[in-house]
Amino acid sequence: MPELPEVEITRRGIEPYLTGKRITGVRVSERRLRWPIPLDLAARVTGRRIVRVVRRGKYILIDCSANGHAGWLILHLGMSGSLRIMDARAKAQPHEHFDLLLGKRLLRLRDPRRFGAVLWEGGEIARHPLLAGLGAEPLEDAFTGKLLHAATRSRKAPIKLVLMNASIVVGVGNIYANESLFHARIDPRAAAGRLSLARYEALAAAIKSTLKRALAAGGSSLRDFVHSDGSSGYFQQQYCVYGRTGLPCRVCRTPILQLRQGQRSTFYCPACQK
DNA sequence: AAAAGGCCCTGGTCGC
DNA sequence: TGCGACCAGGGCCTTT
């Protein structure tokens, strides 16, 4: 379930407990995630010092490089994953599949649906197959309406599906795709290749502000990161369209409609979004 | 090349 | 009360 804001808040929450620390081992209780946790992971990471923790799309990347030898732990939370910092003595509960041991503390992955991932990359991180094809980071300055417009000229697919395509822009899942299109007043069914540059500029701005608002809402949970139950899910927020089928539009009172696009639910206001 | 559908997985909700 | 059906979701993979 986590989208970019949730992943970024998680990264910020764990970063202070990881950076500079020595990895003392791993504990794996369930190897079968989205892909199996590599059998040789313990041998790869044990003894390495964590240099920094970064994010690319929804991937959390733990840099363990040392004197010219690249090494990265790749984490993905899937839909139901969460990470917590815990005391090293804490016993694993059901669905807690993986620990990164850090001496007195550990980083624990809980993921009931097991769509998440724990992988290792010993070379250049940007060339990892899961990362190499990723599109623009929506919160970076390089992400603009112009970029979206250029990337969609040949696309006949509905704009909502294009927004959720990680090879174009990363981190925008179903919730924020719906919300961003509402704020940009764009019909989610509109063919991506037929939207004007001006409309893409409105859309890029809406994506940035929607994600930033969610980040701000999640920031309040940072202080309690170690103590929280880690099941934060989505931040307490008022959505405009997501999950509001039949309820009045917050702007014009028209009932919100729901439809299916790419086997996923779309929510929109038929009056505001054209 | 792009689009559409399948698949992975489990917790929660709903109807019978 | 219990059970099965169904939905949610990211993202890769295969097929069209």
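Residue numbers begin at 1 in each chain, while the letters A, B, ... track the order of the sequences.
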Would a 4.5 Å heavy-atom cut-off, applied to side chains only, mark A:Ile60 and A:Val53 as touching?
-> yes
Is A:Ser265 near enough to C:dA8 that one of its side-chain N or O atoms lies under 4.0 angstrom from OP1 or OP2?
-> yes
Where each residue is assigned the nucleotide of DNA chain B containing its nearest heavy atom, which of A:Arg114 and A:Val162 is assigned the position nearer the 5′ end?
-> A:Val162
Looking at C:dG11, B:dA2, C:dC12, which one has an atom nearest to any side-chain atom of A:Leu130?
-> C:dC12
Are A:Glu121 and A:Arg127 close enough for a salt bridge, meaning some N to O gap below 4.0 Å?
-> no
Nearest to the side chain of A:Pro112 - B:dG11, C:dA8, C:dG10?
-> B:dG11
Interatomic distance where NE2 belongs to A:His128 and P belongs to C:dC12 [whole Å] = 11 Å
Rounded off to whole Å, could you give me the CD-to-C1' distance for the A:Gln263 and C:dG11 pair?
-> 13 Å
From CZ of A:Arg260 across to C1' of B:dG6 the rounded distance in Å is 14 Å
For A:Arg32, report the nucleic acid contact type (base, sugar-phosphate, nothing); a contact means any heavy atom under 4.0 Å.
-> nothing
Whole-Å gap separating P (C:dA8) and CZ (A:Arg264) = 9 Å
Check every atom of B:dC8, B:dA4, C:dC12 against the side chain of A:Tyr59 and return the nucleotide holding the closest atom.
-> C:dC12
When A:Arg264, A:Gln261, A:Glu179, A:Lys160 are each screened for side chain to side chain donor-acceptor pair (under 3.5 Å) with A:Asn174, the one that passes is A:Lys160
Take atom CD of A:Glu3 and atom C1' of C:dA8, then tell me their distance rounded to the nearest Å.
-> 12 Å
With respect to the phosphate group of B:dA2, does any side-chain polar atom (N or O) of A:Ser154 fall under 4.0 Å of OP1 or OP2?
-> yes
Shortest non-hydrogen contact between A:Glu3 and A:Ile175, atoms and distance | OE2-N, 3.0 Å
Is A:Arg113 side chain donor-acceptor paired with the C:dA8 base, going by distance under 3.5 Å alone?
-> yes
To the nearest angstrom, how far is A:Gln261 atom CD from C:dG10 atom P?
-> 14 Å
Can you tell which of B:dC9, C:dA8, C:dG11 lies closest to the side chain of A:Phe115?
-> B:dC9
Closest-nucleotide ordering on DNA chain B, the 5'-leading residue of A:His95 and A:Arg34 = A:Arg34
Between the side chains of A:Arg48 and A:Thr46, is a donor N or O closer than 3.5 angstrom to an acceptor N or O?
-> no
Taking CG from A:Asp111 and C1' from B:dG11, how many angstroms apart are they, rounded to a whole number?
-> 12 Å
Of all the heavy-atom pairs spanning A:Leu100 and A:Ile23, show the shortest one and how long it is.
-> CD1-CG2, 3.8 Å
note: A:Leu161, atom CG; B:dA4, atom P; distance rounded to Å ~ 7 Å
Terminal axes of the helix from B:dA2-C:dT16 to B:dC16-C:dG2 (five pairs each): angle between them, nearest 10 degrees = 50°
Within the pair A:Lys156 and B:dA3, is there a side-chain N or O less than 4.0 Å away from OP1 or OP2?
-> no
Using a strict cut-off of less than 4.0 Å between a Lys/Arg side-chain nitrogen and an Asp/Glu carboxylate oxygen, indicate whether A:Arg108 and A:Asp99 qualify as a salt bridge.
-> yes
At under 4.0 Å between heavy atoms, what does A:Ala157 touch on the DNA or RNA strands: base, sugar-phosphate, or nothing?
-> sugar-phosphate
Would you please say whether a donor-acceptor pair under 3.5 Å links the side chains of A:Arg260 and A:Ser265?
-> yes
Per atom distances to the A:Arg155 side chain, the nearest of C:dG10, B:dA3, C:dA8 is B:dA3
